Amino acid sequence: MVKFGLRLDQNKASDYPPDAYVDYAKLKEIIHVLSKKKLAGADPTTREVSLTAPPPTNAAGRQLTSADSPITEEDFYNCIDSNLSKVEAFTLQRVTDLRADIAIVEKEVNALGGITEGKEGEVEAIRQKADDAAKSFLTLEKYVNINFMGFHKILKKHDKNLPLHACKQFYINRMHNQAWVRGDYSDVVVRLSAIYSALRNDHAAEENKDASQSFLRSTTKYWVRTEDVSKVKYAILKHLPVFLQKTSTGESDSQLTNSVYFDNDQLELYHGRLDKTPGAIAYRLRWYGAGDPKMVFCERKTHRDTWTGEASVKERFIVDESEVKSVLNDTYPIEEKRAEMQAKKGATEAEVDDWEILVREMLQVVQVKQLVPTMRTQYMRTAFQIPFDATVRISLDTNLCMISERGYDTEGGAKWFRDPEKQLADNEITRFPHAVLEVKLELGGANSEPPQWVTDLQNSGMLYEVHKFSKFIHGCAVLMPEYVRSVPYWVDDASIRDSVLRSGGGRILVPADSETGVGPGANELYNHLLPFGNIKENKLNNPGRTANTVSLIKSGKGDKANGLMTTGDKYYADADVTDEEQLFNASLQGCCEDTCAGWLFPFCSGMNEEVLAPTSVQKIEPKIFFANERTFLHWLHAGVTLYTIAAGILAFASDTHSIGAHWYAMALLPISLGFCLYALHIFLWRAEKIKTRIPGRWDDSRGPLILGSILAGVLFVNFMMKCREIQR
């Protein structure tokens, strides 16, 4: 493992002065000197001091003399303070310069006047300047993160060597309140997004103004490391504009989103969504913005199995906050609102009828299932989308936390979320350590395949696909462990274990000394689906794995020696290639040749590689199991038929004493045996694929070709022999 001091020196940006970084070596030397002095800790009960009394002895009971180093703890504190000030000043100056560079690019974009046709040269030059500005921002973030890590490590080393003078927690809290760490530079993302959008000539699609809005989309969810959030944003905004949010300070790239999920005492909705029961619903009230809710979206999500020919759907209608109580108490004035929609909004009779059906069903389910506020999710959402065009829509949720909504009086529906002025206990809130990315596609017709840039992003190593991840399910499992009968598979993931323990959800986790590292149930078979592995076999430094990176699994490019760098290595690398070339290197997306045995028969190669197991799960429909059995029986039938023919030829050849017939029958017998053995092996291989839900192709394109060629060859030889007999 490379020491941090060496990694810091190797990964300093070439265009940044070396002294702009934290002076890790000097701080480390101070700690080394102080540890030799064995300083005693101060007595916290002492309230008086004497200016004439000599200093106390050290922790070993020895009086310090002039022969000892004059360096004191105060020197360490002063050095830390000066380094913090240096890094903060440098960061703020670079941000100022970056904003000035972006302003120049904006002027050039405005000079185009919205006309890009015939100005390809100018557009490309402006795009290159925008790329340079974006990469400068990513370099700055890399600078901030490596210095932030440096302070963490040096403070940890200080407290380890000088436990009587621990100061890490104080400085960590202090750093989190300094501008270079907590500063909001989302305006850079907003301005870059506007530049790229203007260069692409994006146009808004026609708005769908239906009162009740239904969404039928293909949605895939990913975890994104905090260190990769800005890179992911940059990769997306080059192709999709940021959906701007109005805030009190202007336009921002993200907006606070709160969703209160409802359930009953038995957590019926939780278990239905977790088990993916057909027709299982999620019921929530959502509002946007940092203040108190004004406009509230009443939403219902219904799960349906795709193999039945139906698709899951999300439906919603909008109410004022003052009307939420009537919705929860089944006193909402439906007829009055219906007449208002027709008179003021010009809704058609069909639209109003659909709206009324939805509202009545949602009001009824609250009463029938006795739903009450249960869990609230809160996050900052950044949306990427061409306005009113849902072909490709991407959302990135950061600062994600789940808050328990149990334990207070709802006052008959008047209160449906916690008082924001009251502090939450540790077991009432859990903070998720990763950002959550959702890619929503509406594909069909000419758009049957996702855009290439979406595939490139999935293959970048920054995304960790988590099949059917749910904020509501995660929050209930962690904050209400005594009420849940089962938990989602991702709770065993090594990267979120600490956050679960901090929230008091340890009872849903396996003990640290567990032999398997996973809990009972599905993870005993599917632990390879965990994005970062389990506590026994963690993959915290592995790159992201999605359904599109299955070729990486097969190629065995699982470490730096084979050319595949981990996410952290990419982030702190100082190679000659650019970030874009590192992240979207096409050479890393290829596939190596398999072994000879693997080429002939796929079941001879590894069934379940553990180094880079994919986290994507293919949808398993019941008919797949039967299809595998039918295919097995068809191949077996072909083998038995060939054997019957060969046995018949042997019987007749014995009577006629035909040597050619004997050889022909003897050639068919091993081929028929090969058909049967191949059928058995393919059946077992495909059953393993189905059981472990490994993504990718589940067919064999080589075996049938080889067996068919051999059979055709034998038939051709027999045909030629018969032709020669006729000629004679």
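Small disclaimer: the values here were computed from a predicted structure and weren't measured.
Listed by chain and number, the residues in a salt bridge (charged side-chain N to carboxylate O under 4.0 Å, His left out) with Glu349 are Arg338 (sequence neighbours excluded). In this view, Glu428 and Arg418 satisfy the salt bridge (charged side-chain N to carboxylate O under 4.0 Å, His left out) rule, not counting sequence neighbours. Here Arg191 pairs with Glu106 under the side chain to side chain donor-acceptor pair (under 3.5 Å) rule; sequence neighbours left out. Looking at residues two or more places apart in sequence or on another chain, you find a side-chain contact (heavy atoms from CB on, under 4.5 Å) between Gln452 and Thr455, Asp456. Listed by chain and number, the residues in a side-chain contact (heavy atoms from CB on, under 4.5 Å) with Glu323 are Val319, Asp320, Ser326, Tyr332, Lys337 (sequence neighbours excluded). With sequence neighbours left out, the ring-ring contact (aromatic ring centres under 6.0 Å, His included) criterion links Phe384 to no other residue. For His239, the ring-ring contact (aromatic ring centres under 6.0 Å, His included) criterion is met by Trp453, not counting sequence neighbours. Residues that satisfy the side chain to side chain donor-acceptor pair (under 3.5 Å) test with Ser230, not counting sequence neighbours, are Glu141. In this structure Arg200 satisfies the salt bridge (charged side-chain N to carboxylate O under 4.0 Å, His left out) test together with Asp202, sequence neighbours excluded. Residues satisfying the salt bridge (charged side-chain N to carboxylate O under 4.0 Å, His left out) test with Glu321, not counting sequence neighbours, are none.
Shown here for Phe469 and Val436, the closest heavy-atom pair between the two residues is CE2-CG2, 3.8 Å. The two residues Asp426 and Arg502 have their closest heavy-atom pair at CB-O, 3.9 Å. Between Val260 and Trp287, the shortest heavy-atom contact is CG2-CZ3, 3.8 Å.
Aromatic ring pairs are classed by plane angle as parallel below 30°, tilted from 30° to 60° and perpendicular above 60°; the pair Tyr234 and Tyr196 is tilted.
Within the 4.5 Å cutoff, the side chain of Ile429 has no heavy atoms near those of the Gln423 side chain. A 4.5 Å side-chain heavy-atom check between Tyr261 and Leu269 finds every atom pair outside the cut-off. The shortest side-chain heavy-atom distance between Val232 and Ile236 falls under the 4.5 Å cut-off. In this structure, the side chains of Gln458 and Tyr222 come closer than 4.5 Å at one or more pairs of heavy atoms.
The salt bridge (Lys or Arg N to Asp or Glu O under 4.0 Å) pairs that include a residue from residues 292-303 are Arg284-Glu299, Glu299-Arg316, Arg300-Glu315, Arg300-Glu361, where partners are two or more places apart or lie in different chains.
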query: side chain to side chain donor-acceptor pair (under 3.5 Å) between Thr374 and Arg406: does it pass, once the steps are laid out?
result: CA-CA 6 Å; Thr374 300; Arg406 295 288 179 92; 3.1 Å; yes
Got a list of side-chain donor-acceptor pairs under 3.5 Å for residues 362-371, not counting sequence neighbours?
from, atom 1, to, atom 2, distance (Å)
Gln367, NE2, Leu328, O, 2.6
Lys369, NZ, Glu268, OE2, 2.8

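If you look at Trp416 and Phe262, their ring centroids are not closer than 6.0 Å.
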